[in-house]
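The next block holds one structure in the form of structure tokens; read it before the comments.
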Amino acid sequence: MLDKAYTPDAVEKKWSAAWKEGGAAKAAARDDGKRAYTIVIPPPNVTGALHIGHALNNTLQDVLIRWRKLCGEEACWVPGTDHGGIATQNVMEKQLKTQNMSRHALGRAAFLEKMREWTKQCQGTILGQLGRLGASLDMDRLAFTMDEPRARSVTHAFETLFKQGLIYRGERMVNWCVRCNTALSDIEVEYEERGGKLWHIRYPVAGQPGKFLVVATTRPETMLGDTAVAVNPEDARHKALVGKKVVLPLANREIPVVADAHVDAAFGTGALKVTPAHDPNDFEIWQRHKAEMGGPVRVIGYDGKMSAEAGAGFAGLSREKARDKAAADLEAAGLLEKIEDHRNSVGVCYRCQQVIEPLVSEQWFMRMEPLAEKALGALEEDKFRLWPDTWEGPYRDWLENIRDWCLSRQIWWGHRIPAWYCVFCDGDKVLVSWPGQEGVQTLKHLVQDDAIPLADVEARAESIHVSGLAKDSGALSRVKIQSAKPGPCGSCGGTDWFQDPDVLDTWFSSALWPLSVFGWPEETKDFKFFYPTSTLVTGYEILYLWVARMQMMGLHFTGKAPFADAVIHGIVRDKSGKKMSKSLGNVIDPLLMMDAHGTDAFRFSLTRQAYPGKDIPYAEQSIVGARNFANKVWNSSRFVQMNLPERPERPYASVLGRGAKPEPGWELADYWITAELHALSRRTAELMSRFEFAAAADAVYAFLWDQFCDWYIELAKIRLQGPDGAGKEAAREVLVGVLNETLKLLHPFMPFITEELYQALKPYTGEKARFLVEARVQPGKDGPYAVDPAPMAPVMEAVASIRALRSQLNVPPGLKLKVLYAGKGSRKEKDVVAQSAYVAHLARLESLEPAGGGRPAQSATAVAGELTFFVPLAGVIDFDKEKKRLMKEVEKLGAERTKLDGQLGNQAFVSRAPEAEVSRLRGRRAELQGQLGSLEDTLRALG
RNA sequence: GGGCCGUUAGCUCAGCGGUAGAGCGUCCGCCUUACACGCGGCAGGUCGGGGGUUCGAAUCCCUCACGGCCCACCA
């Protein structure tokens, strides 16, 4: 016998262990025609524990995987984690800082060793949490974006793209994070609107004392790197100055005035200071006017401080201090015309939120247009779909305006770029900050002149940058792109090779994930069977960073979209719609939720709110309803079990597909609930195919609770409490059968409790599967049935109206009533009367009999469909109350009749609306008329 | 500057062309031998404002207001 209430803990532990032991989540390449259904997990970064967003993401994937298994497909869910690049390195650096350590003090090798340890530990935490969630991941396939097989994929991809001319090295304006000390790609920059100032600065016109060109800028500190002032060529105010020179204040340098269409004459003063080294637009202006102005002057360094080129007095100051000083100096010189408040958006690092410094730097880049075209093509040809499709717009838009991808990062944690430089030929382009020495040394010098071993250079260097490679046309052809150290240099025969010190953007390996997890570029059996994968489930925040890039890489390398469907779910927010964050203190820990209310309840509460693309406002309260539902499932099974023989002679036959022919012992309720079950399984399949998780979960919930429990179980009690016989056996058969199939439909959402109950029912169902997930769901049939289930509707209506009468007149719940009915003998009435046993049982009646000729005195009245019920209640009820109740009812029905009369009297409606609609309303009108007549009669009788 | 999404019962949200729904909450009555994590019942919405299309609009179109998000080379 099952316990009175469901207690999740033991059940979850038991089945987690059993699934693991039995390999329930394993999938294998097959050649027996079974279809593959594949999902690769969005690999969580190894930055810590999983949050509720991960719980949602993985629950939805598990729902799909379990569903597809139940549908008979070879469903494979590949687990893994992501090394997480900057994010993870930041976590470790913070830890080191608390111990008064730094990565530089440790050195690269030791730091990486620490990172690997951390990764292992973190991966353990993550996998433990996924296990707790019930995620049926095939653990034999566990992958990590930086493990050896993935490194092979990454190197191969890099090498191939380089050969194809898609990866190149160039000196470009990049987004530099001065805190993380690395370049970032364009999409790793977030923009925040901030209040700032607009400084209007007078630049004296050369040779014309007292004459100024006033420029407006939000960043006065960068003026030290100005190489020109630009005005719009159409701007009459400044036309005369084009080609002339102005004196750059503070620096006392003459710079030209150039004409460029980029300048908006309406903004500020219409004159724009041009700082090519620190502003992307200015960089472009410089490229258009190289002949007229000098090259970029870098006044801000990688550390975010003013460089030597900024001049004495400024060098070494932070950007903020330099800004203040520039403003003060200008003021003192009388060159500051005015300061205005000005709001503008500034770029910040998506990992540390520090203000990004745009600066010119040499990096590895990837040309993206050719790949973006392929991704657009796949979308166009419907080989790739986004759910909901509202994401197609932004996705397409991004691809159409794609820019080259800055691939290199100046951090240590990541795939080291597989580019090798010959120390003899190109060692002079590798710049090393050497401890105890001013400025930089070249690698060539250190290795050849100072005879320091290459390995020691790498271990002891404070920083290593490569510069000048892109400008030396011969250098790139000498660079070797490969994973292992190359043999003798083709040019000089030297054997000293230095691997590029930078690592790849973490998203480069992520982009290859659906390929790399199956061993690509090797044509493994798994790769052939499971690639391309089926569905990707992820949040919209990484649509460009990850989804689009996987599409591009997958299509580029295999010609096939790496997944056909991307399900874009929302973000889990707090109850008031705010993003959860540690600093706001509004995070909900998934583990605590599972501890307190059970994993199934937690999963269900998330799934039930997972409407396509919608964010989920989540409060702990959300889970209570789901917990109650779990208990309802538990107790309905408990009830069924209690009513079964301890040892069945043989299992009950399945109810699937039954009901077309008369079944021994079956009656209306059996046909009805079977038909409803069939409809539910059809509906669930349809909703799942459209990734409508919330609606699917809700459909099962409503069926089990509102139909199976509230009506069918109650009706089954009539036979279960009666004598043995065909009827009782039929009730048992249907209870077991319907419950069993419902458990299957519910299993993807609530795996633990359904497993427990499915297993408990096995002696009665004869199910053979080891685990529920290995059982089969089947699409339900759509009638006809030997007994039409339709009469259940009027029966339910009759029950509801008598119950309402009882409740509203305060009839003692235990009092069994003798009820009389009257009608006109229509088909529908007969259907109800034929089920008077149902009505009597559910509405707690002693009897239900025809009223005969007259209307019984001293009775209350209820109408349902075409029937009127009289409940003789002399001495029990207050007839004033009954009168009021009836008047209210008359008023309500009367209002509906008035509305219908208006509609049916409208010639336009009658002639233009569909026939079925018109006759439906006419039918309702007739029914209302009868009900009203009946109620008014009663009112008259009551006086 | 461009684009997208939202505005429905006290709260959180479904519905998206044919008489307004759920969960939670409120209220009334029930320990009716599966479940008080339950059962039965009542109350509570002019579906953000305005205009249009339609026999008919919460549902389609236009417009406004208020939220939220995304993109963009807003000095």
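Since we're looking at a predicted model, the values are computed, not measured. So that the names make sense, note that chain A is the first sequence line, chain B the second, and so on, each numbered from 1.
- Within the 4.0 angstrom heavy-atom criterion, only backbone atoms of the sugar-phosphate kind lie near A:Tyr544; the bases stay farther away.
- For A:Arg803 and A:Trp711, the positive end sits near the middle of the six-membered ring, less than 6.0 Å away and at most 45° from its axis.
- Within the 4.0 angstrom heavy-atom criterion, base atoms lie near A:Ala271.
- Separating the C1' atom of B:G2 from that of B:G44 is a span of 42 Å, rounded to the nearest Å.
- Contact annotation for A:Arg403: backbone-only contact, meaning every heavy-atom pair under 4.0 Å involves sugar-phosphate atoms and none involves a base.
- The aromatic rings of A:Trp705 and A:Phe629 sit parallel, their planes meeting at an angle under 30°, below the 60° perpendicular limit.
- Across all strands shown, B:C30 forms a Watson-Crick or G-U wobble pair, both distances under 3.5 Å, with B:G38.
- Contact annotation for A:Trp199: no contact, since no heavy-atom pair falls under 4.0 Å across all strands.
- Looking at A:Lys632, its side chain comes within 3.5 Å of the base of B:C35 through a donor and an acceptor atom.
- If you measure from atom CD of A:Glu400 to atom C1' of B:G3, you get 13 Å, rounded to the nearest angstrom.
- Listed pair A:Trp705 / B:C37 fails the phosphate criterion, with no side-chain N or O lying under 4.0 Å from OP1 or OP2.
- The residue among A:Asp698 and A:Asp710 whose nearest nucleotide of RNA chain B is located toward the 5' end is A:Asp698.
- The residue A:Arg806 sits apart from the nucleic acid: no heavy atom pair falls under 4.0 Å.
- A:Ser636 comes within 4.0 angstrom of a nucleotide base, judged by non-hydrogen atoms across all strands.
- With both ends at atom P, the span from B:C27 to B:C13 equals 24 Å, rounded to whole Å.
- As judged by a 4.0 angstrom heavy-atom cut-off over every strand, A:Glu896 is placed among the base-contacting residues.
- Taking the nucleotide of RNA chain B with the nearest heavy atom to each of A:Pro617 and A:Gln903, the more 5' of the two is matched to A:Pro617.
- In this structure, A:Phe703 and A:Phe708 have parallel ring planes: the angle between them is below the 30° cut-off, well short of the 60° mark.
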- Starting from the C-alpha separation in whole Å, work towards a yes-or-no answer on salt bridge (charged side-chain N to carboxylate O under 4.0 Å, His left out) for A:Arg219 and A:Asp279. CA-CA 10 Å; A:Arg219 299 196 60 193; A:Asp279 184 283; over 6 Å; no
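- A donor and an acceptor atom never sit less than 3.5 Å apart when one is taken from the side chain of A:Ser807 and the other from the base of B:C42.
- For the pair A:Leu815 CG and B:G40 C1', the interatomic distance rounds to 15 Å; values are reported in whole Å.
- Distance check on atom C1': B:C61 versus B:C42 gives 40 Å, rounded to whole Å.
- Residue-level contact check: A:Val263 touches the bases, meaning some heavy atom is under 4.0 Å from a base atom.
- Between A:His342 and A:Phe267, the ring planes lie perpendicular to each other; the angle is over 60°, past the 30° to 60° tilted range.
- In a base pair of the Watson-Crick type (N1 to N3 plus N6-O4 or O6-N4) or a G-U wobble (N1-O2 and O6-N3), with each distance short of 3.5 Å, B:C24 is matched with B:G10.
- Here B:U19 presents its P atom at 13 Å from CG of A:Leu904, a figure rounded to the nearest Å.
- Candidate nucleotides B:G40, B:A43, B:A75 were compared by shortest atom distance to the side chain of A:Asn344, and B:A75 ranks first.
- A donor-acceptor contact under 3.5 Å is not formed by the side chain of A:Gln609 with the base of B:A14.
- With a 6.0 Å radius and a threshold of 12 heavy atoms from other residues, nucleotides or ligands, A:Glu193 has its CD atom above the threshold.
- With distances taken from any side-chain atom of A:Asn631 to the nucleotides B:C37, B:G23, B:A14, the minimum falls on B:C37.
- Atom CZ in A:Phe604 sits about 14 Å away from atom C1' in B:C37, given to the nearest Å.
- Summarising the geometry, the separation between CZ on A:Arg844 and P on B:G29 is reported as 18 Å, rounded to the nearest angstrom.
- Atom CG of A:Asp574 is separated from atom P of B:U12 by 11 Å (rounded to the nearest Å).
- Phosphate proximity of B:G56 to A:Asn906: absent, as no side-chain N or O sits under 4.0 Å from OP1 or OP2.
- Summarising the base pairing, B:G18 is matched to B:C55 through a Watson-Crick or G-U wobble pair whose two defining distances lie under 3.5 Å.
- Across B:U33 and B:G18, the matching P atoms stand 43 Å from one another, rounded to whole Å.
- Contact annotation for A:Ser637: no contact, since no heavy-atom pair falls under 4.0 Å across all strands.
- Under a cut-off of 6.0 angstrom, the local environment of CZ in A:Arg683 is sparse, with at most 12 non-hydrogen atoms contributed by other residues, nucleotides or ligands.
- Residue A:Glu714 is in base contact, counting any heavy-atom pair closer than 4.0 Å across all strands shown.
- Residue-level contact check: A:Leu543 touches neither bases nor backbone, having no heavy atom under 4.0 Å from any strand.
- In this structure, A:Tyr618 reaches neither bases nor backbone, as no heavy-atom distance under 4.0 Å exists between it and the strands shown.
- For the C1' atoms, the distance from B:G23 to B:C70 is 31 Å, rounded to whole Å.
- Look at A:Lys575 and you won't find any side-chain N or O under 4.0 angstrom from OP1 or OP2 of B:C24.
- Here B:G6 presents its P atom at 15 Å from OH of A:Tyr611, a figure rounded to the nearest Å.
- Distance noted for atom C1' between B:A34 and B:A20: 34 Å (whole Å).
- Between A:Tyr618 and A:Phe602, the angle of the ring planes goes over 60°, which puts this pair in the perpendicular group of the 30/60° scheme.
- Rounded to a whole angstrom, the distance from the P atom of B:C60 to that of B:C5 is 11 Å.
- In this model, the phosphate group of B:A43 is not approached by any side-chain N or O of A:Lys892 to a distance below 4.0 Å at OP1 or OP2.
- Here the side chain of A:Phe267 is nearest to one of B:A75, B:A43, B:G41, namely B:A75.
- A sub-4.0 Å separation between OP1 or OP2 of B:G68 and a side-chain N or O of A:Lys578 is absent.
- The C1' atoms of B:C47 and B:G3 are separated by 26 Å, rounded to the nearest whole Å.
- A 3.5 Å limit on both hydrogen-bonding distances identifies B:C5 as the Watson-Crick or G-U partner of B:G67.
- Closest to the side chain of A:Lys717, from the set B:C35, B:C74, B:A34, is B:A34.
- Remark: side-chain polar atoms of A:Asn635 are paired, donor with acceptor, to backbone N or O of A:Asn631 under 3.5 angstrom.
- Taking the centre and axis of the six-membered ring of A:Trp405, the NZ or CZ atom of A:Arg549 falls inside the cone set by 45° and 6.0 Å.
- Among the protein residues, A:Pro914 comes within range of the nucleic acid bases, having at least one heavy atom under 4.0 Å from a base atom.
- Across all strands shown, A:Lys273 has no heavy atoms under 4.0 Å from either base or sugar-phosphate atoms.
- Contact between the side-chain N/O atoms of A:Gln621 and the OP1/OP2 oxygens of B:C24 is not found at any separation under 4.0 Å.
- The listed nucleotides are B:A34, B:G6, B:U19; the one nearest the side chain of A:Arg920 is B:U19.
- For the pair A:Phe639 CZ and B:C39 P, the computed distance is 14 Å after rounding to whole Å.
- For A:Arg627 against B:C37, a side-chain N or O and a base N or O form a donor-acceptor pair under 3.5 Å.
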